[in-house]
Structures are given as C-alpha cells and as structure tokens.
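Positions are given from 1 along the sequence. None of these values were measured; they are calculated from a predicted model.
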Amino acid sequence: MGLINLSSPHHHSLSQTSRLMALVLLATLPGLAAQSYFYGYGTLINLVWASFLALGFEALILYLRGRPIMPYLTDGSALVTAFLLALALPPFSPWWLTLVAVSFSIIFAKHLYGGLGSNPFNPAMVGYALCLISFPVAMTQWAGTEMTMTFGQQWQWFWLESVTGGIDAYTSATALDIMRHTKGLTLSEVASSNPQLALGLTASMWVNIAYLLGGLVLLGFKVFTWHAPVAMLASLGFCAGLFHMGEPDLYPSASQHLLTGATMLSAFFIVTDPVSGATSRKGKLVFGIGVGILVFIIRSYGSYPDAFAFAILLMNLSAPLIDTYTKPKAYGHQSKAPRSQGRPQ
C-alpha cells in the first residue's frame, strides 16, 4: 500500500489574513460612529474616498509588479490602511490631502518594500507623518461648521474647500493643540478662557472610549496580545501623571493624555501591527513602553500636538534591535553555556 507523502504543517487555522483584517475593520466601527456623531459626516467622506484610493493604488501596483490582483486585493490589508488614515486624518480633510496620504502609504511604505509582510514601517503612519510634515495647517486645523452644514454642503466642502452661501471656512484647533500651545497661560487659565477646550475634551474622550471598546473586542478574539497596548498606555499614563503632580498648570493630567487625540486608536489598532512591531512578548512590552514615552516627550516638548505617528515610526525602526535582545530561549537550550568543571588536564 502506497503512503501519501504530505509536507507539514497539517494543522489548518481559521486565523487567515482576510479574517483578521475583517475583525480589525469591524472593531473600528464604534470609533467611526463616535467621530461621525461629534464631528459630522467628514470622517465618512474621508473613509469612502480613502478606501477607493487604496484599492485602486493596490490593484495598479500589483498589476505593474506582475502579481495576481484579486488574492491580494481581497485580503483586507489595503482597506485597513485606508480606514486607519481616514480615521486619523482631520474630518473634512480636502480630497487632495487624503490622496497624498493614501498613495504614499500604499506605493512607497508598502509595495516599495515588497508588499504585505515585508514593510518595516506602518504604512498608514508613514502617509500620515508625510502629510503632517508637509501640510501642518491642514492637518491640525479642523473645520468648525460641520454640525451646521448639510451633507451636500459638507460634500462640497470636501471637494472645493468652500460652501455655497458665503461660508469660506471656520477652523478650530484640536484640544491637544490648545493644551500644547497655551501662549504663556497656565492650563487652568486656558480652560477658563476657552470653552472650546472643554467641548473638545468631551468629544475626544468619548471617541477614545469607543476605540477602547473596539480594541477590547480584538483582544477578546485574540487578534493580538495585551503586551504592546497595555505597556504603551501604562508608560504614557505614568509619565503624564508624574509630571502633572509636579507642575499641574504646565502638564496635562494622565486622563487627558489617555483620552485625547489618537491614543486608543493607536494603542489597539496601530501599535499592535504584527509586521512592523516587535514579535516576542518581552519585545512587545519594550516596544509599547518606548511608544508611550516618546508620545509624552513629543506632546510636551515638540512642535506637534499629537505624536503617535513619529513615536510609532521611531519604534518601528528599533523593532529589529528589540527582537534581537528579547528573543526567547529555544526549547531545550540553555541561555549560557555551562561552565567546565575543574581545571583542564
């Protein structure tokens, strides 16, 4: 009787790339709903436009590389990049800003390095950082009339950056930007003289709670382990709380750092990237701690109000070194060679 020679592995897992990407996309929905509620339809418009661009650029580059299009196009990785960019970019970003971010993420940050699984940097953060450096005003000023405009007016603003009826633009800084650039005032003086700060903090808090819930769902499905997000949040909260206790009028509290900006989105949807982050459990802890410390430093002393793109990219650069020194010991091997007994004859 002939034996059938089958190569390993023989275990088939349901945790395929497309399934994991679908779970990630579904987990972003609570945050998307919260952003749409507080900031209008702009995030939804960004999402539709970014998804169309990401799929288009993905198909084009795959065709130019001579790769099969449908298997890679349906794995969900391009859509995840589009979702993360659309959620991170300000609502009512002009169409060209999203175009620049998505095209650079897909073409240069992903396919230039060989495609999915080969990119050393998080593609969405590369595109976001490029736009933040190149177009700082468009990336830090949010439209302030979104809740009073109809969907048609908001769609017109997206394409033309103006609205029929005499409204050119009403822009406002984010809550993080207000706390970062206090113009010589203490935080208590800024809060008492700027009611927009309280509204911005409330909206940002609920948005971050929504992303926290989505991240906990992914954690429950074991899409990633707890090490990187918990380490990031703990280190950021520790640094913020320590400095706030010393100078409460100069440094925001730990809760303000944890519940403003893109904290929870980054902790559960970006820091946990299995390709560009550290791989071992100890390495993920080091990676998360590094991101949290860098975010606090850049938020407190840098020129940009939020810092996750730069912090994550810097730690992506350090991930191979972290893996080298946190590599787990192979089963059956000792960490150090045993010392020889006695003196050699």
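Side-chain atoms of F269 and Y211, non-hydrogen and from C-beta on, do get closer than 4.5 Å to each other. At least one side-chain heavy atom of M125 sits less than 4.5 Å from a side-chain heavy atom of I270. Side-chain contact between M315 and I322 is present, with at least one heavy-atom pair separated by less than 4.5 Å. In this structure, the side chains of Y128 and I312 stay at 4.5 Å or more apart for every pair of heavy atoms. Within the 4.5 Å cutoff, the side chain of I107 has no heavy atoms near those of the L112 side chain. Side-chain contact between Q35 and W206 is absent, with no heavy-atom pair separated by less than 4.5 Å. Within the 4.5 Å cutoff, the side chain of F238 has no heavy atoms near those of the I289 side chain. Considering only heavy atoms from C-beta on, S105 comes within 4.5 Å of L85 through its side chain.
For T272 (side chain) and A228 (main-chain N/O), no donor-acceptor pair under 3.5 Å exists by modelled atom type. Judged purely by atom type and a 3.5 angstrom limit, W49 uses its side chain to pair as donor or acceptor with the backbone of W95. In this structure, S93 contributes its side chain and P90 its backbone to a donor-acceptor pair below 3.5 Å. Judged by distance alone, with hydrogens and angles left aside, the side-chain atoms of N208 form a donor-acceptor pair with the main-chain N or O of L259 at under 3.5 Å. Between the side chain of S318 and the main chain of L314, a donor-acceptor pair closer than 3.5 Å is present. A donor-acceptor contact shorter than 3.5 Å is absent between the side chain of S51 and the backbone of V48. When atom types are taken as modelled, the side chain of T263 and the backbone of T260 share a donor-acceptor pair closer than 3.5 angstrom. Proximity of a side-chain donor or acceptor of N119 to a complementary backbone N or O of V275 within less than 3.5 Å is not detected. The main-chain N or O of G283 is never found under 3.5 Å from a side-chain atom of D323 such that the two would form a donor-acceptor pair.
Summarising the local packing, OH of Y72 is surrounded by 12 or fewer heavy atoms from other residues, nucleotides or ligands at distances under 6.0 Å. Heavy atoms from other residues, nucleotides or ligands lying under 6.0 Å from CZ of R281 number 12 at most. Around the CH2 atom of W96, the shell of radius 6.0 Å holds more than 12 heavy atoms that belong to other residues, nucleotides or ligands. By the 6.0 Å contact criterion, CZ on F135 is enclosed, its count of non-hydrogen atoms from other residues, nucleotides or ligands being greater than 12.
Once rounded to the nearest 0.5 Å, the distance linking SG of C131 with CG of L99 reads 9.5 Å. To the nearest 0.5 angstrom, L73 atom CG is 8.0 Å from L79 atom CG. A distance of 5.5 Å separates CE in M139 from CG in L97, rounded to the nearest 0.5 Å. L23 contributes atom CG, which lies 11.0 Å from atom OG1 of T28 (distance to the nearest 0.5 angstrom). For the atom pair L26 CG and F83 CZ, the distance stands at 8.5 Å (nearest 0.5 Å).
By the criterion of side-chain heavy atoms lying less than 4.5 angstrom apart, applied directly or through intervening Ile, Leu, Val, Met, Phe, Trp or Tyr residues, L216 is grouped together with L20 in one hydrophobic cluster. Follow the hydrophobic side-chain contacts under 4.5 Å out from M264 and you reach F38 in the same cluster. Hydrophobic clustering (ILVMFWY, side-chain heavy atoms < 4.5 Å, transitive): I106 and L64 are in one cluster.
Using a 3.5 Å distance cut-off with no hydrogens or angles, the side chains of S77 and K110 do pair a donor with an acceptor. A donor and an acceptor atom, one from each side chain of T17 and D75, are nowhere located under 3.5 Å apart. The closest side-chain donor-acceptor pair between D273 and S276 falls under 3.5 angstrom. Between the side chains of T326 and S280, at least one donor N or O sits under 3.5 Å from an acceptor N or O. When only modelled atom types and interatomic distance are considered, Y251 and Q256 share no side-chain donor-acceptor pair under 3.5 Å.
Looking at every heavy atom in both residues, L233 comes nearest to A267 through CD2-CB, 3.9 Å. The shortest non-hydrogen separation linking G237 to A254 is O-CB, 3.5 Å. Shortest non-hydrogen contact noted between S204 and Y39 is N-OH, 3.8 Å. Contact between A27 and L218 at its shortest, heavy atoms only, is CB-CG, 3.6 Å.
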| Step-by-step side-chain contact (heavy atoms from CB on, under 4.5 Å) determination, F308 to I298 | CA-CA 9 Å; F308 277 103; I298 299 174; over 6 Å; no

| message | Does F224 form a side-chain contact (heavy atoms from CB on, under 4.5 Å) with L219? I'd like the steps, not just the answer. | response | CA-CA 6 Å; F224 49 77; L219 194 59; 3.7 Å; yes

| field | Pair I297-I293, side-chain contact (heavy atoms from CB on, under 4.5 Å): steps then yes or no | value | CA-CA 6 Å; I297 292 174; I293 294 174; 3.8 Å; yes

| said: Applying side-chain contact (heavy atoms from CB on, under 4.5 Å) to V271 and K284, what does each step give before you reach the verdict? | reply: CA-CA 9 Å; V271 172; K284 292 175 183 178; over 6 Å; no

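Aromatic ring pairs are classed by plane angle as parallel below 30°, tilted from 30° to 60° and perpendicular above 60°; the pair F296 and F243 is tilted.
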